[in-house]
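One structure is given here, and the rest of the page talks about it.
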Protein chains: 2
Amino acid sequence: MSRAAEDPEVAAAGTRPGPAAPGRRGRPRSAAADSAIIEAVLRLIEDGVSIGDLSMERIAREAGVGKATVYRRWPGKSALMLDVMRSLDAQGPRLDGASVRDDLVSLLEFLRRRGLARRSSALLRTVVAHVQTQPELWAEYHDTVVRGRHEALLDVLRRGMANGEIRTDRDPETLADLFVGPLLARALLHEWKELPEGFAADVVDMVLEGVRPGPRAAAG
Amino acid sequence: MSRAAEDPEVAAAGTRPGPAAPGRRGRPRSAAADSAIIEAVLRLIEDGVSIGDLSMERIAREAGVGKATVYRRWPGKSALMLDVMRSLDAQGPRLDGASVRDDLVSLLEFLRRRGLARRSSALLRTVVAHVQTQPELWAEYHDTVVRGRHEALLDVLRRGMANGEIRTDRDPETLADLFVGPLLARALLHEWKELPEGFAADVVDMVLEGVRPGPRAAAG
DNA sequence: GGCTTTCGATACGGATCCGTTCCGTATCGA
DNA sequence: TCGATACGGAACGGATCCGTATCGAAAGCC
């Protein structure tokens, strides 16, 4: 529980009460235990504990659960971590589609408020650190969290290129990095808390208009 | 040894043969052991081993050194890691200062080729992941590697603002993130090898001119 | 009420690590 | 040559972890 409400990136831990077969006999698995375990992992990661320092014993302790209850659901830490990634909520913002510029601001503002908030940024740092040793973990995180937002951003950019609002002589992927990169740099390298308000709109306007002075400096 | 020559970010491990007092008696400490240990840590991190999975035993094994030899120099893993950070070489590129645009390209090109190469990016990912639990580690890395480059970038930007080549209505720190962020996003989120050639110049020109189409799209 | 499965808790053998200590050898200053 | 210190290697007691097993209690089906 605790801070989950403040950081909706990781809201829905999802119930996975094991193979809830209809003809199942005996005491059913506790859905509360499932979410308690996943929530415990997220809480530990949020506190900066790296995956290497995450032991199954510690997870069970933090979740207030017996170790056997964890092993009854997952064969090991890797499998558990994969399900933790799958539990993340990566819903994006609604775009009204009126202005390309406004949609870009909405996307980046959403990223600023949720995607790079305390827990989410800790998660990102932790997962990224294990890219080489556990590529499946990054793959799962990417599929669950990154992919959707990236596609949404590319859609807006392509719309702008069709509109004539965005130059068409560059790769959309590169353009996407121009918008996302600055937020990422701030969140990972400088700030550990929420990025300043207005930062998203600032970045969008500067990337659109360029940092050279001139008539264009007034954002359209 | 090994790949150090390919990635000059981590060239000079520096000799720290303990308190090499002049009146020191007995067999002197081996400078080779010093660099073997530090080099072993860097090699392990390069292979994706996170700090949590780095044990003193494993480090000594990898370095081909007795465990006591490690503990004779450092009281524990934290102190060793700090010296590993201090051993990094963060020399920047020479800037001819003719054009702000060219200096920016030089800085980002240097970052692409060295600062975000294989070993350096693995190091960055690992250190960033432990920001919360070991802030001193990040502080040391920042002082040794990041600060100098950041200052150099700010200098160029301020020169451009005085020149009239860069708009003056924004914080130089924010401007810096616009240039560095896209490379960072690529290196940390997408590519695990070297970034494509020409990427640095592309980013500089697009940030300078903006991504809107028009007469300015031709880089000056 | 029986049967089955899960629950938290505890304990297990085996493994790894920590930080220290000791070994026999190597390498320095005096 | 002698005393001092460092070397790689091995072992130590204590701690933590892994994955499994077992316990009595709880919670479902039939």
Side-chain angles (χ1 to χ4, degrees), chain A residues 15-41 44-45 47 49-84 130 133-134, chain B residues 1 13 15-41 44-45 47 49-84 130 133-134:
Chain A
T15 57
R16 48 180 311 289
R24 196 93 171 112
R25 320 215 309 171
R27 177 175 173 175
R29 292 207 178 155
S30 157
D34 284 78
S35 47
I37 294 169
I38 289 189
E39 186 63 26
V41 173
L44 288 170
I45 290 181
D47 290 340
V49 183
S50 95
I51 298 184
D53 294 318
L54 262 187
S55 67
M56 294 297 262
E57 309 221 356
R58 191 169 175 184
I59 292 170
R61 219 181 308 138
E62 174 83 16
V65 147
K67 211 170 22 154
T69 301
V70 183
Y71 279 105
R72 207 171 285 121
R73 290 163 166 75
W74 295 279
K77 193 165 66 173
S78 313
L80 168 56
M81 293 304 303
L82 287 185
D83 265 353
V84 170
H130 293 79
T133 48
Q134 311 186 33
Chain B
M1 338 291 165
T15 59
R16 49 180 312 289
R24 195 94 170 110
R25 320 213 313 172
R27 176 175 175 175
R29 293 206 178 156
S30 159
D34 284 79
S35 46
I37 294 169
I38 290 190
E39 185 63 26
V41 173
L44 288 170
I45 290 181
D47 290 340
V49 183
S50 97
I51 298 184
D53 294 319
L54 264 186
S55 67
M56 295 296 261
E57 308 221 357
R58 189 169 175 184
I59 292 171
R61 220 181 307 139
E62 174 82 17
V65 148
K67 214 175 14 160
T69 300
V70 182
Y71 279 104
R72 206 172 286 120
R73 290 162 165 78
W74 295 277
K77 193 165 67 175
S78 312
L80 168 56
M81 294 304 302
L82 287 184
D83 264 353
V84 169
H130 293 78
T133 47
Q134 310 186 34

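Labels below follow one simple rule: chain letters A, B, ... track the order of the sequence lines, proteins then strands, and each chain is numbered from 1.
- The shortest heavy-atom contact between A:Thr133 and B:Asp47 is CG2-O, 3.9 Å.
- Not counting sequence neighbours, B:Gln134 has no partner by the side-chain hydrogen bond (donor to acceptor under 3.5 Å, both in side chains) test.
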So which protein nitrogen or oxygen atoms get under 3.5 Å of nucleotides 8-11 of chain C's nitrogens or oxygens?
unit_1	atom_1	unit_2	atom_2	d
C:dG8	OP2	A:Thr69	OG1	2.5

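- The separation between B:Arg61 atom CZ and D:dG9 atom C1' is 13 Å, rounded to whole Å.
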In dot-bracket notation, what is the pairing pattern of DNA chain C, taking Watson-Crick (N1-N3 plus N6-O4 or O6-N4) and G-U wobble (N1-O2 and O6-N3) contacts under 3.5 Å, with [ ] crossing and | for other strands?
||||||||||||||||||||||||||||||
When the side chains of residues 50-57 of chain A are checked against the rest of the protein, which donor-acceptor pairs come out under 3.5 Å, sequence neighbours left out?
unit_1	atom_1	unit_2	atom_2	d
A:Ser50	OG	A:Gly52	N	3.3
A:Ser55	OG	A:Arg58	N	3.1
A:Glu57	OE2	A:Lys67	NZ	3.0

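- When each of B:Lys77 and B:Pro28 is assigned the nucleotide of DNA chain C with its nearest heavy atom, B:Lys77 is the one assigned upstream, toward the 5' end.
- With rounding to the nearest 0.5 angstrom, the CD1 atom of A:Ile37 is 6.5 Å from the OG1 atom of A:Thr69.
- Between B:Ala63 and B:Ala36, the closest heavy-atom pair is CB-O, 3.6 Å.
- Applying the side-chain contact (heavy atoms from CB on, under 4.5 Å) rule to A:Ala79 yields the partners A:Trp74, A:Pro75; only residues at least two apart in sequence or on another chain are considered.
- If you take CD on A:Glu39 and CG on A:Leu44, they are separated by 10.0 Å, rounding to the nearest 0.5 Å.
- Partners of A:Ala68 according to the side-chain contact (heavy atoms from CB on, under 4.5 Å) rule, which considers only residues two or more places apart in sequence or in another chain, are A:Arg72.
- Nearest heavy atom pair, residue A:Val65 against residue A:Ala33, reads CG2-CB, 4.5 Å.
- Within the 4.5 Å cutoff, side-chain heavy atoms of B:Arg73 are placed close to those of B:Arg29.
- Whole-Å rounding puts the A:Arg25 CZ to D:dA26 P distance at 22 Å.
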Short heteroatom pairs, N/O only, protein and nucleotides 24-26 of chain C, under 3.5 Å:
unit_1	atom_1	unit_2	atom_2	d
C:dA26	N3	B:Arg27	NH1	3.2

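- Shown for residues 51-59 of chain A: no residue has heavy atoms falling under 4.0 angstrom of DNA chain C.
- Annotation: the span from B:Met81 atom CE to B:Ile38 atom CD1 amounts to 10.0 Å, rounded to 0.5 Å.
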